[in-house]
There are 2 protein chains.
Amino acid sequence: MHTKTVRIAQLSFQTNNERMQTRDEKKAQTRKSLMDAALALTGNGSNFSSISLREVAKNAGVVPTSFYRHFTDMEELGLNIIDDLGLMLRRLMRTARQSEGYFDALARSSVEFYANYVCANKNYFFFMEQVKTGGTPVLRKAIRKELKYFANELVLDVRPLKAFAEINDADLDILCQLIVDTVFENTIDLLDQLEENPDYIDTYTEHTLKKLRLIWLGAMAWRS
Amino acid sequence: MHTKTVRIAQLSFQTNNERMQTRDEKKAQTRKSLMDAALALTGNGSNFSSISLREVAKNAGVVPTSFYRHFTDMEELGLNIIDDLGLMLRRLMRTARQSEGYFDALARSSVEFYANYVCANKNYFFFMEQVKTGGTPVLRKAIRKELKYFANELVLDVRPLKAFAEINDADLDILCQLIVDTVFENTIDLLDQLEENPDYIDTYTEHTLKKLRLIWLGAMAWRS
DNA sequence: CCTTTCAGTCAACACTTGTACACTAATAAT
DNA sequence: ATTATTAGTGTACAAGTGTTGACTGAAAGG
């Protein structure tokens, strides 16, 4: 009855708050709810591999059996989160590239930007750090693939720089992997400390910056 | 009956295989069984925070309730494993220090030694990598404390080196943390790949070595 | 020798877990 | 308008979970 009214409303004009939704839209929505619920739980101290299907369903406001309409498994849920995470990282990369001073990787602003991005996507990074070493082998592999992509993109960006002319391709791969690892490595510290000590973001930025500068110095002196 | 025989045996002479055990010895033994069981499970693909008390007890050949005679919690078990892990790391450090060419951190032999040590203590390192980012906050903190100790020891070793004369204490701390992180970072890769591809140990060694040399170059050029 | 201590056992509990199955109601397709 | 599809519900069950309390038997202490 009520829905019928809404339906008419949709046909005539779009109501924003309680707008009509197609079946696919609604499905996509609860699917997102499930993924968000899982992310929220991991971001709240639980370990992804120890949270239950039922817990996720409950937090998503859905009955447990409904979970199966979207994922066969918690692992599949995890893989889908990793897909989203990949998108997020690409967005990060794209935004960073557009910013001025990007090619000055040693600029404080770059690291600061990353740190803020982490804070803005706390749950994703929590999930990532957690699953990177603590997830099932399948999930670990998936995460590492994303990180590898990240490192490869970095290679493309710095390959043309004449400062690195003396570094061959294989070594440049390793260098970029080192850079990426260094940035991501202490992200978990940042996330942990952040809750009780918001100023830690400065410490993190400063420390990471020094490490990157040191690596940079090494790279300039490197002869393959 | 049978035990009485053994008891007499102990009084007269020590039998090695089925020797008499004091109550404390036996307790320490099953305690170790529990810890080993947990380590074995984590080393076998399970996540520490998702293995159950009962599972551990079963694998240790002990009834679940017996667990409580040793630990109140799985988390306490974890903390005790971390204590052992700390000992293991100290042993690693000590042995490394005694070896010649230790102060030539860029020697292939050093990294190779570490890699072999990892393989020999597979479960411990698996546990460490897993809990470092995936454990409960308490466990994470405990692991990081151990790693910090490791880095601090490294500081003591390299502080006297004249190559680092230009680096002040604060920066040297950061440098050593970077070195330690770099070594530990890809240990999980080593552990993962090892099973299917035993030659990966060479790849790991070579890559890590290059990273360390690069950092080294950077450190030599560094002016605080 | 007798008594105390205590690591390990056994049985039972109240829950939570993943999953199967039948069902509903609203959307999509005809 | 009728039918088919399907996201989400409800019920049910077997298996596993952490924890309790009372019990046992051998070692430790007197």
Side-chain angles (χ1 to χ4, degrees), chain A residues 1-11 14 18-38 41 46-78 80 136, chain B residues 1-12 14-15 18-38 41 46-78 80 136:
Chain A
M1 184 79 98
H2 172 56
T3 38
K4 203 146 200 173
T5 323
V6 176
R7 187 180 182 189
I8 294 170
Q10 189 221 10
L11 291 179
Q14 289 271 359
E18 201 185 328
R19 61 173 291 238
M20 184 61 185
Q21 297 180 86
T22 81
R23 193 135 78 177
D24 287 354
E25 279 175 335
K26 250 203 293 202
K27 181 169 186 181
Q29 187 179 295
T30 67
R31 183 190 144 94
K32 188 172 173 341
S33 294
L34 287 167
M35 290 167 63
D36 284 349
L41 285 168
S46 305
N47 187 309
F48 180 77
S49 59
S50 74
I51 63 182
S52 64
L53 183 154
R54 287 178 111 105
E55 226 173 327
V56 172
K58 192 198 289 181
N59 272 54
V62 140
V63 102
T65 45
S66 209
F67 182 96
Y68 296 107
R69 302 284 182 205
H70 303 271
F71 313 100
T72 69
D73 228 35
M74 277 298 289
E75 183 162 274
E76 201 191 282
L77 206 218
N80 279 278
T136 67
Chain B
M1 188 75 98
H2 172 55
T3 38
K4 204 146 203 175
T5 324
V6 176
R7 187 181 182 187
I8 294 171
Q10 189 222 11
L11 291 179
S12 50
Q14 290 271 358
T15 65
E18 201 183 327
R19 59 175 291 240
M20 185 61 184
Q21 298 180 85
T22 81
R23 194 136 77 176
D24 286 354
E25 279 174 336
K26 251 202 294 201
K27 180 167 186 182
Q29 187 178 296
T30 67
R31 184 192 146 92
K32 188 171 173 342
S33 293
L34 287 166
M35 290 167 63
D36 285 349
L41 284 168
S46 305
N47 187 309
F48 180 76
S49 59
S50 74
I51 63 181
S52 64
L53 181 155
R54 287 178 110 104
E55 225 174 329
V56 172
K58 192 198 289 181
N59 271 55
V62 139
V63 102
T65 45
S66 209
F67 182 96
Y68 295 108
R69 301 282 182 208
H70 302 272
F71 313 100
T72 70
D73 227 35
M74 277 298 289
E75 183 162 273
E76 202 191 283
L77 207 216
N80 279 278
T136 67

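Throughout, a chain's letter reflects where its sequence line sits, starting with A, and its residues are numbered from 1.
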Roughly how far apart are Leu41(A) CG and Asp36(A) CG, rounded to 0.5 Å? 11.0 Å

Thr72(A): which of His70(A), Met74(A), Glu76(A) passes side chain to side chain contact (heavy atoms under 4.5 Å, CB included): Glu76(A)

Separation of atom NZ in Lys58(B) from atom P in dG16(D), rounded to whole Å: 7 Å

Interatomic distance, Glu75(A) CD vs dT19(C) C1' [rounded to whole Å]: 17 Å

Measure the spacing between NZ of Lys26(B) and CD of Gln29(B) and express it to the nearest 0.5 Å. 8.5 Å

Any chance you could measure Ser66(A), atom OG, to Lys27(A), atom NZ, to the nearest 0.5 Å? 9.5 Å

Report the distance from atom CG of Asp24(A) to atom C1' of dT6(D), rounded to the nearest whole Å. 10 Å

Sequence neighbours left out, what passes side-chain hydrogen bond (donor to acceptor under 3.5 Å, both in side chains) with Asp73(B)? Give chain and number order. none

Nearest heavy-atom approach of Phe48(A) to Gly78(A) is CZ-CA, 3.6 Å

Nucleotide nearest Arg23(B) when distance is taken to its side chain, options dT27(C), dT19(D), dA28(D): dA28(D)

Roughly how far apart are Leu53(B) CG and Phe71(B) CZ, rounded to 0.5 Å? 10.5 Å

Expressed in angstrom and rounded to an integer, what is the separation of Lys27(A) atom NZ from dT9(D) atom P? 14 Å

Heavy-atom closest pair (Ala37(B) atom, Ala60(B) atom, distance to 0.1 Å) is CB-N, 3.9 Å

Tabulate atom names and distances for all N/O pairs under 3.5 angstrom spanning the protein and nucleotides 12-14 of chain C.
none

Nearest whole angstrom, please: distance from the P of dG18(D) to the CG of Asp73(B). 10 Å

Under 4.0 Å between any heavy atoms, over every strand shown, what does Ser52(A) touch: base, sugar-phosphate, or nothing? Just pick one. sugar-phosphate

Would you mind reading off the distance between Arg69(A) atom CZ and dC23(C) atom P, rounded to a whole angstrom? 14 Å

Secondary-structure stems, DNA chain C, at least 3 Watson-Crick or G-U base pairs under 3.5 Å: C:2-30 with D:1-29

With the side chain defined as heavy atoms from C-beta on, Leu53(B) is closest, among dA26(D), dT19(D), dG18(C), to dT19(D)

Starting from C1' on dT9(C), measure out to CZ on Phe67(B) and report it in whole angstrom. 17 Å

Ser66(A), nearest nucleotide to its side chain (from dT6(D), dT9(D), dG18(C)): dT9(D)

Spacing between Ile51(B) atom CD1 and dG16(D) atom P, to the nearest angstrom: 16 Å

In this structure, CG of Asn80(A) is separated from CE of Met35(A) (nearest 0.5 Å) by 5.5 Å

